[in-house]
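Only heavy atoms go into these numbers, but all of them, side chains included; no hydrogens, no water, no symmetry mates. Positions are given from 1 along the sequence. Ligands are counted one by one from 1 in listed order, and the atoms in each one are counted from 1 as well. Note that this is a predicted model, so its numbers are computed, not measured.
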Amino acid sequence: MHLSQRITTLNGGGSDGWGVFYRARQMIAEGTAVTELTIGEHDIRTHPSILAAMDRAATGGHTGYAMVPGIAALRDTVAARIHARTGVPTTRDNILITPGGQAALFAAHMAVCDPGDTALFIDPYYATYPGTIRAAGARPRAIVTRAADAFLPRPEALAQAAPGATSLLINSPNNPTGVVYDRATLAHVAQTCRDHDLWLISDEVYDTQVWEGEHLSPRALPGLADRTLVIGSMSKSHAMTGSRCGWIAGPPEAIERLIDLATNTTYGVPGFVQDAAVFALTAGDELEAEIAAPFRRRRQLAHAILARQSCVGLIPSQGAMYLMLDIRATGLDGEGFATALLETHHIAVMPGESFGSAAAGHIRVAMTIEDDAFAAALSRLCTFAADLAALNTQVAQ
Ligand SMILES: Cc1ncc(COP(=O)(O)O)c(C=O)c1O
């Protein structure tokens, strides 16, 4: 039977750089111990106090259909949090609760793009971005950044890509690079959106993982609140990846239409999950800091290890649970290096190529295993890279 063009072309074709990840999973299934530094998921589980809140809600009967836009308590809590953190007046009318940030990304593009419209995104990018845009019927167009610019988009690249586009998707703190967009970059992003009448879709799911500087939400910039849809999630801030709870914050007219979309697609998020999210978001900043702490620690460990060698370069990053490492001195590309590391040392990392062309020659390391094992794996990775680089230099001579 015929399957739609939309669904059969979602992945865009070609190698997506995820071969190393699947090879690692296959090795594990066959009994090999593999150190996985691949997926962006905490090594801790959801906090027992959040689970207890979820249990209370579920056993208390909150298991029926929940209100499609989200329960009032969660919409209010998310609105208050955004208002307090950004200064932008925000009420429940600005908020739609979604089954995670991924569903929010899809819904946001559905809300602003007509079929065939051009939707911009920044390369390197979170792996689902182009497929999400295609799923919404739009055409993805990448704005390629450079390692030398810490993968921040240049103003001229933004201005060049913008004419004729409908939306621009940015992500700060960034997956895969860990870079946090500075005020100047966000000002250029805002200017581009105003100049070219673009919607801005701002993926802020890592907003609690900032190790240096501060997270700035572009919705707070002049003239942006009416043209910005912010993507938020409980996944990373509260280690609730499996609970599937996130949100879109935006202008009430857009949220109203997005509620129509939710009615006809997801039909809401389980009530007991939303109750647990209210509990988690009102539990105070300490809980968020506790959940983020392991990544902060491991980043320090990584800095110390990387400072002792000169072969692997670190992209200066300020947030999120990842490190982007430049391994070009080895003479290999990201995929070649990641494959060799997996086969030789049973350490799995993501090739930069999995996140677009801009990150070729790099690898992404997720800081998602316990500290000692993380430090040991990173040290081994550096030694391996140094050996390869020495070989590479000999061959070149
Ligand atoms: C940048 C970014 N956006 C969105 C998501 C989606 O997260 P979730 O659907 O779990 O909220 C992820 C998950 O890894 C991500 O890295």
Side-chain angles (χ1 to χ4, degrees), residues 16-18 21 36-46 50 70 74 78 95-109 119 121-133 135-136 140 142 145 151 153 167-181 200-210 215 217-218 229-249 262 265-266 269-270 273-274 276-277 280-281 288 291-292 295 317-324 350 352 354-356 358-359 364-368:
D16 59 7
W18 281 71
F21 171 76
E36 285 192 286
L37 306 172
T38 48
I39 288 291
E41 184 157 39
H42 317 67
D43 46 320
I44 53 165
R45 298 290 90 189
T46 306
I50 301 175
L74 184 55
V78 170
I95 306 296
L96 169 73
I97 305 302
T98 63
Q102 182 56 49
L105 282 164
F106 172 68
H109 283 94
F121 65 105
I122 311 290
D123 177 353
Y125 51 85
Y126 172 50
T128 68
Y129 281 179
T132 303
I133 290 168
T145 61
F151 295 116
S167 61
L168 167 62
L169 169 59
I170 63 166
N171 170 222
S172 174
N174 188 269
N175 176 12
T177 64
V179 170
V180 176
Y181 281 29
L200 179 62
I201 301 176
S202 179
D203 181 344
E204 302 180 20
V205 303
Y206 292 97
D207 66 347
T208 62
Q209 298 182 5
V210 178
H215 167 69
S217 177
L229 297 174
V230 174
I231 309 299
S233 174
M234 299 300 293
S235 288
K236 314 292 176 175
S237 61
H238 291 84
M240 290 177 70
T241 46
S243 292
R244 313 310 303 137
C245 188
W247 57 82
I248 300 179
T265 52
T266 60
V269 173
V273 170
Q274 295 193 62
L281 290 171
E288 287 182 11
I291 292 161
F295 307 121
S317 64
Q318 305 83 22
M321 51 175 86
Y322 314 101
L323 301 171
M324 184 62 91
M350 294 299 294
S354 320
F355 309 102
R364 188 194 75 173
V365 173
M367 301 184 282
T368 47

**Item:** Sub-6.0 Å ring centroid separation between Tyr206 and Tyr126
**Value:** no
**Prompt:** Name the residues in contact with ligand 1, where contact means a heavy atom under 4.0 Å away: which are they?
**Reply:** Gly100, Gly101, Gln102, Leu105, Tyr126, Tyr129, Asn171, Asn175, Asp203, Val205, Tyr206, Ser233, Ser235, Lys236, Arg244
**Message:** Applying the side chain to side chain contact (heavy atoms under 4.5 Å, CB included) criterion to Leu74, which one of Val273, Ile95, Val269, Ile97 satisfies it?
**Reply:** Ile97
**Complete:** Given the options Asp203, Val205, Ile231, Thr128, Gln102 meets side chain to side chain contact (heavy atoms under 4.5 Å, CB included) only with Thr128
**Request:** For Thr145, enumerate each residue passing the side-chain contact (heavy atoms from CB on, under 4.5 Å) test, keeping only those at least two apart in sequence or located in another chain.
**Result:** Ile122, Pro124, Phe151, Pro153, Ala358
**Item:** Met324 to Pro176 - nearest heavy-atom pair and separation
**Value:** CE-CG, 3.5 Å
**Fill in**
The single option from Ile44, Asp43, Ile39 that satisfies side chain to side chain contact (heavy atoms under 4.5 Å, CB included) with Glu41 is Ile39
